[in-house]
Amino acid sequence: MKPAPFDYVRPASLAEACELLAGDEDARPIAGGQTLVPMLAMRLARPARLIDILRLPELAGIREAKDAVIVGATTRQAQAERDPVIRASVPLLARVLPWVGHPPTRNRGTIGGSIANADPAAEIPLVAVTLGADIMLAGTAGPTSMPADDFFIGPMVTAIGQGECVRAIRFPVWPHRRIGTGFFEISARRSDFAFVAAAAQVALDEEGHCLGIALGLGGVADRPLRLDVASLVGTRLDAASAADAVNAACADIDAMSDLHASAAYRRRVAGVLCIRALQQARDNAAAKPAKGAR
């Protein structure tokens, strides 16, 4: 199939892009196009106008801020995957990015595009929710931001209003010295959409007790979820404690059922992957030097 007819505009500034989006409810922004272009080809999306935001300098780059790393919306996924700031300060994102699609898609796909598309099985939205990132928006009324947990509403549905687009993602930087990450996902083939994905980040003190913990689950519900496992803070993250906390956190999840996997399968696999991700993150953190400040 071929896309339905549409107009194409390349604005000269972010302000102009927002004005164009505000003036046409059938307009869509496009950057890497790794999701939107296939949807156009299958006529699952039929925008009247595409607003090309890829070359806007206001949306590009990776920079350090106080207690955070800010990743511009049009930053290529492959660039973030290789970036030393991401590797050092947002290690969970660095661990997960190689699981996003294939190298050619990461070379063109953008961080903000994955966030804006809001696929419940996508890895980058899962990291944003797990770490409590803020989604920074641009609009005709000026810049705003909101927690990732509030940004994602449902499958392919976000809190973006007309005339707005994702400007950047603000990932918090943990202050601890010994930080470890873990990630597991189940899919039909490597780089396919995940049926279930679990992401974890933990911080340990010198004796191996948990100082901080974040655990997220993707592909199970209609949006990525951050699970409450705060009861594990202060423990050594032993297998029994981790299993109890994960089982309690997953008990009330309303799992999806589709042609790929049943809800019962997703719930069962979710618990297993969450425990594995926590154990991997614990072991990863334990391998870090115990002395010194970050």
Side-chain angles (χ1 to χ4, degrees), residues 34-35 38-39 42 44 77 92-93 95-102 105 109 114-133 135 147-159 181-202 213-232 237 239-282:
Q34 295 305 288
T35 298
M39 292 177 68
M42 293 184 286
L44 296 175
Q77 294 159 6
L92 184 59
L93 182 61
R95 178 179 285 276
V96 167
L97 278 169
W99 292 83
V100 178
H102 301 273
T105 60
S114 180
I115 292 290
N117 186 58
D119 191 304
E123 294 87 355
I124 296 172
L126 172 59
V127 173
V129 169
T130 301
L131 295 180
I135 311 303
D149 201 38
D150 296 334
F151 179 80
F152 299 106
I153 297 174
M156 314 291 186
V157 181
T158 71
T181 60
F183 179 76
F184 289 92
E185 72 175 29
I186 296 291
S187 58
R189 297 172 300 179
R190 175 67 186 262
S191 300
D192 279 3
F193 290 107
F195 305 152
V196 182
Q201 183 165 297
V202 303
I213 188 165
L215 178 64
L217 192 59
V220 175
D222 60 358
R223 59 190 182 89
L225 304 173
R226 176 167 174 154
L227 303 184
D228 182 4
V229 288
S231 61
L232 292 174
L237 296 175
S241 298
D244 289 344
V246 166
N247 290 335
C250 292
D252 297 326
I253 291 176
D254 185 13
M256 298 186 298
S257 185
D258 54 29
L259 59 87
H260 300 294
S262 67
Y265 173 83
R266 282 189 164 98
R267 282 192 294 267
R268 176 162 53 85
V269 173
V272 173
L273 294 193
C274 282
I275 293 169
R276 289 180 183 176
L278 285 174
Q279 291 173 336
Q280 185 181 58
R282 176 201 63 195

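In this structure, Gly216 and Thr130 approach most closely via the heavy-atom pair CA-OG1, 3.2 Å. When all heavy atoms of Ala188 and Phe195 are compared, the pair lying nearest together is N-CZ, 3.6 Å. Nearest heavy-atom pair across Val100 and Gln77 is CG1-OE1, 3.5 Å. When all heavy atoms of Leu227 and Ala249 are compared, the closest pair comes out as CB-CB, 4.0 Å. Between Cys250 and Leu217, the shortest heavy-atom contact is SG-CD2, 4.5 Å. Closest approach of Arg266 to Ala255, counting heavy atoms only: CB-CB, 4.4 Å.
To the nearest 0.5 Å, the span separating CD1 on Ile253 from CG on Leu225 amounts to 5.5 Å. The distance from the CG atom of Leu131 to the CG atom of Leu92 is 5.0 Å, given to the nearest 0.5 Å. If you take CG on Asp150 and CD1 on Ile135, they are separated by 10.5 Å, rounding to the nearest 0.5 Å.
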Identify every side-chain donor-acceptor pair in residues 275-282 under 3.5 Å, counting partners at least two apart or on other chains, and give the distances.
{"unit_1": "Gln280", "atom_1": "OE1", "unit_2": "Phe183", "atom_2": "N", "d": "2.8"}
{"unit_1": "Arg282", "atom_1": "NH1", "unit_2": "Leu237", "atom_2": "O", "d": "2.8"}

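No side-chain heavy atom of Val196 sits less than 4.5 Å from a side-chain heavy atom of Glu185. Side-chain contact between Asn117 and Met156: present, with at least one pair of heavy atoms (C-beta onward) separated by less than 4.5 Å. Counting heavy atoms from C-beta on, the side chains of Ile115 and Ile124 come closer than 4.5 Å. Between Arg223 and Val157, every side-chain heavy-atom pair lies at or beyond the 4.5 Å cut-off.
The local environment of CG in Asp258 is crowded, with over 12 non-hydrogen atoms from other residues, nucleotides or ligands closer than 6.0 Å.
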